[in-house]
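Reading through the C-alpha cells given below for one structure.
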Amino acid sequence: MLNPNNNRLDYGEILSPPNNYQLDFAIGTSYSLDLDALVGASISLGLSEETDTNLINNPIFLLEALRTTGDKVILFCEGGQIHLPNRPNPLYILLEEMVFQVNNSKMINNKYASFHPKFWLLRYIDDENNIFYRVVVLSRNLTFDRSWDISFSMDGFLSEEKTEKNNPMTDFLEYLKNFSKNDEKTLKMSEIINELSFVHFELNSRDFIDFDFIPNGIKDYSIKKYPLFEDSFDELLIMSPFLSKTLIREFNGRINNKALLFTRENSLSGLTHEDCDNFEIYTLKDQIIDGESSISEGSDEDPQNEIVKQDIHAKMFMVKHGDFTDLYLGSLNATYNALNGNIEVMIRLRARSNKLNLRILSEGLFDGEKGGPNSPFQLLNIENIESNVSEEKSNDLNLIIKSINRLNPKSKIVSKEKHYDIELYFDDYNEEYISNIGDFEIKIRPLLSKKEANFAKNMLFEGLDKIKLSEFFVVSVSKRTEDEELSIERVIKVPTSGLPEDRVKEVISSVVTDKEAFIRYVAFLLGDKYILSAMEAESGLGSNSFNRGFRIQLPELYEKMLKASVYSPEKFDELDFLIKTLSDDNVIPEGFEELYNTFKQVVD
C-alpha cells in the first residue's frame, strides 16, 4: 500500500483529466510555489500531457497550455514563498490571474503562522455535460523538490441526495475565497461550494471504510479532536520531516507499546533520549538521499550547478486504537506551529485493525523486514545529533520576506511616450520595522526586468517595455559576515493598477514571431492530439515555401481544417482569436485567411 520502492505516482498524473473528460475548474493550494511547476501543472490540467515531456521547452506548447488553463485554475500559496524561476520569460504574465497569496493573520511565538496546505479540488466535464470531481490531499508543495512525499485522491459524482460529508471542504473553500482577487473565479468557487453538497466521494478501497476531511486551523476544525490525540493508543507511526520537542514528548508519554518515527536526521537535534525512548527512529539511508540527487541546470546569471538532494517530506500519522486504525495524511508536520496556528489540510482514513496496523504498514515502508536489503530506511541513535544552524538562519531570511509581503505593497504603471515606469510603494511601511531588520540588505526588482532598487517606502523602476510589466516582483535578502554570506530570493505578487490591456497580445507576439511560428501554432491547434500536433509541427509540414525556408503543404492544412470543422468546430474560436491577435504583426501567410474564412463560414 505504501511501498516507496514500488508505489510511485507522478504529480501530473494526479491532475490529468480522466478519459473523455476535460478540465472545467481547478482550485489548488501550496505553501511554496515554483512558477515553472505551475506551468507543468497547467500542461497536465489543460493539455492532458505529462509534466516531464520535452515539449515543456516548446514555447508554442507552453503558450497554449497557459491560455487553455488560465481561466480555469486558481492557486493559493503562502505570501512570500514563490520561488524565483531559473529563466523568467513573458509567459509568466499568463500566471498572474492564477496565483493568489495568503497571509495567515495568526502569530506564534512572535512569528507568522503559515498557510501550509497542499490540496486540489478538480471539476471535470465531458461532452455530454457529465460532472466528475476529484479531491487530492498531498504533502508535496507545487515545486520541483525531489523529496519523498505522499498523496491521496478520490473521485466523486453528483447525486440528487445531499451530503454533509463535504462540509469541512466547503468551509475551507469559503476561507480561500477571501484571498481571491478575481471576481469571475470567486463566483466559480461559490458555484462549486454549492454543488459540493451533492457530490459523493467514493473511497473504492478494500482497506478503508470511512474518511474525514480536516482543514486544521479553519473555524473550529482541529486535528486535536481526533483519536490521534486521545489518552493512549495501542500502536503509533509518525512520519514527519520536522518535529517539535514538546509534541514528540507528549506522544511518547501516551504509547502503550513501541512506536515508529520516520524523520530527517537534522530534525532530531533538539530531542533527548527521555523525550522519545518509546520510539524506534528511522531516517532515509545516506545512499538514498545522495543516490537520487540531481544537478540543477543553474541560471544565466548564476551558472554554477547545485546538487539537489532528497529527503523525507511526507507527513503521515497512523494510530491503532482498539478495533480501528486511523491513517492521517496531508500537510501537517509533528510540530507545535502546525497544530496551533498554521492552516493545514489533512484527511483521516479509517480502517479495521486487521486490515491496517503497524505490522502491515511498516512492512510496506521497509519493503519487507526492518533492516532488510531493500529497505530505504536506517535505524538511528538519537545521541550526538548536531543542530542545523544554517536552516535556522535561512528561516530568518524567510521571515523578513514574509514581513515585507505583509506591508501592503501596491504598484502603479505609468505610461510614458515609448516606455513605462513602475511605481512600487508599501502602505504599511514604518521606520520601526526597518530598524528591526538590522544589517540585512534588501533589494527589489520586477520579475521580468533586471532593474533593481533598494527596499524603501516608495520605489521607482523606469523605462520598461510593455512585455516587462508584471505583478510579480523579486525580493532579495542577504547578509554578509566575516564567516559567511547568507542570501535568499523570493517572488511576491503585488496588486498593480494601470497594466496595459494588450499585454497578452504582446506575449503571444513574442512567441509567434514569423510565418513559420504561425503555421506551427495553427497545426498545433488543429491536431487530433496536442502532443502529436507539436511533433508534426517540429518536423515541418510539406513543400510550399515561406520565409527562412519553412515548408508547408497546403492540402495537409486543408485536411486538418476540414476534420476540425466536422469534429471540433470549437477550435475555430481559437483560430479566430489567434488571427485577430496577430493581424497587424505581418506573420499570417498570404492566402491563409482566405482558406480559414471558407471553413469559418461552414462552421458558423
Exercise. Taking side chain as C-beta onward, heavy atoms only, is S362 less than 4.5 Å from L260?
Worked result: yes
Exercise. Is the gap between the ring centers of F251 and F229 under 6.0 Å?
Worked result: yes
Problem set entry | N252 and D277: side chain donor to acceptor below 3.5 Å | yes
For this session: Might you confirm whether atom OH of Y336 has over 12 heavy atoms from other residues, nucleotides or ligands at distances under 6.0 Å?
Result: no
Exercise. Is there a side-chain contact (heavy atoms from CB on, under 4.5 Å) between I343 and V102 once you walk through the steps?
Worked result: CA-CA 10 Å; I343 305 299; V102 178; over 6 Å; no
Exercise. Does CG in N167 sit with more than 12 non-hydrogen atoms of other residues, nucleotides or ligands closer than 6.0 Å?
Worked result: yes
Exercise. Do T325 and N357 have side-chain N/O donor and acceptor atoms under 3.5 Å apart?
Worked result: no
Problem set entry | salt bridge (charged side-chain N to carboxylate O under 4.0 Å, His left out) contacts in which one or both residues fall within residues 325-337, not counting sequence neighbours | D326-R348, D326-R350
Exercise. Would you say D127 has more than 12 foreign heavy atoms packed within less than 6.0 Å of its CG?
Worked result: no
Exercise. Does F211 have K165 sitting over its ring (NZ/CZ under 6.0 Å from centre, angle to axis within 45°)?
Worked result: yes
Seminar exercise, completed: On a heavy-atom basis, the closest approach of Q22 and P17 is CA-CB, 4.1 Å
Problem set entry | From CA spacing to verdict: salt bridge (Lys or Arg N to Asp or Glu O under 4.0 Å), E280, K370 | CA-CA 11 Å; E280 289 181 7; K370 301 175 185 177; 2.9 Å; yes
Exercise. Mind checking whether F132 and Y21 have parallel, tilted or perpendicular rings, split at 30° and 60°?
Worked result: tilted
For this session: Answer yes or no: is there a donor N or O on one side and an acceptor on the other, between the side chain of R264 and the main chain of I312, under 3.5 Å?
Result: yes
Problem set entry | E164, CD: over 12 other non-hydrogen atoms inside 6.0 angstrom | no
Exercise. Taking everything shown except D323 itself, do over 12 heavy atoms lie less than 6.0 Å from its CG?
Worked result: no
For this session: Could you give me the CA-CA distance, side-chain angles and deciding distance for L358 and M318, then say whether side-chain contact (heavy atoms from CB on, under 4.5 Å) is met?
Result: CA-CA 8 Å; L358 192 62; M318 190 219 76; 4.2 Å; yes
Exercise. So V137 and K118, side-chain contact (heavy atoms from CB on, under 4.5 Å) or not? Walk me through it.
Worked result: CA-CA 6 Å; V137 178; K118 301 93 168 66; over 6 Å; no
For this session: Flag yes if more than 12 heavy atoms outside E369 fall under 6.0 Å of its CD atom; otherwise flag no.
Result: no
Problem set entry | Centroid-centroid distance, Y31 to H116, less than 6.0 Å | yes
Exercise. Excluding sequence neighbours, so at least two apart, what forms ring pair (Phe, Tyr, Trp, His ring centres under 6.0 Å) with F100?
Worked result: none
For this session: Given side-chain contact (heavy atoms from CB on, under 4.5 Å), test L349 with D207 step by step and report yes or no.
Result: CA-CA 9 Å; L349 302 170; D207 301 312; over 6 Å; no
Problem set entry | Under 3.5 Å side-chain donor-acceptor pair for H313 and D149 | yes
Exercise. Which pair of non-hydrogen atoms, one from V73 and one from F25, has the smallest distance, and what is that distance?
Worked result: N-CE1, 4.3 Å
Problem set entry | Residues R359, E235; criterion salt bridge (Lys or Arg N to Asp or Glu O under 4.0 Å); working and verdict | CA-CA 10 Å; R359 178 187 60 80; E235 296 177 353; over 6 Å; no
Exercise. Does the ring-ring contact (aromatic ring centres under 6.0 Å, His included) test come out yes or no for F262 and F377, once each step is laid out?
Worked result: CA-CA 8 Å; F262 297 81; F377 300 101; 4.8 Å; yes
For this session: Verify whether the ring centers belonging to F213 and F119 lie closer than 6.0 Å.
Result: yes
For this session: Taking atom NZ of K177 as the centre, report whether more than 12 heavy atoms of other residues, nucleotides or ligands fall under 6.0 Å from it.
Result: yes
Exercise. What pairs with K493 under side-chain hydrogen bond (donor to acceptor under 3.5 Å, both in side chains), at least two apart in sequence or on another chain?
Worked result: none
Exercise. Quick one: do the D145 and T143 side chains pair a donor with an acceptor below 3.5 Å?
Worked result: no
For this session: Give me the one residue out of L38, D36, L66, V99 that meets side-chain contact (heavy atoms from CB on, under 4.5 Å) with Y92.
Result: D36
Problem set entry | Heavy-atom pair of closest approach, residues L15 and L45 | O-CD2, 3.6 Å
For this session: Search all heavy atoms of C276 against all heavy atoms of I382 and return the closest pair with its distance.
Result: SG-CD1, 3.2 Å
For this session: Can you establish whether the number of heavy atoms outside K219 located under 6.0 Å from its atom NZ is more than 12?
Result: no
Exercise. Is the shortest side-chain N to carboxylate O distance from E344 to K315 below 4.0 Å?
Worked result: no
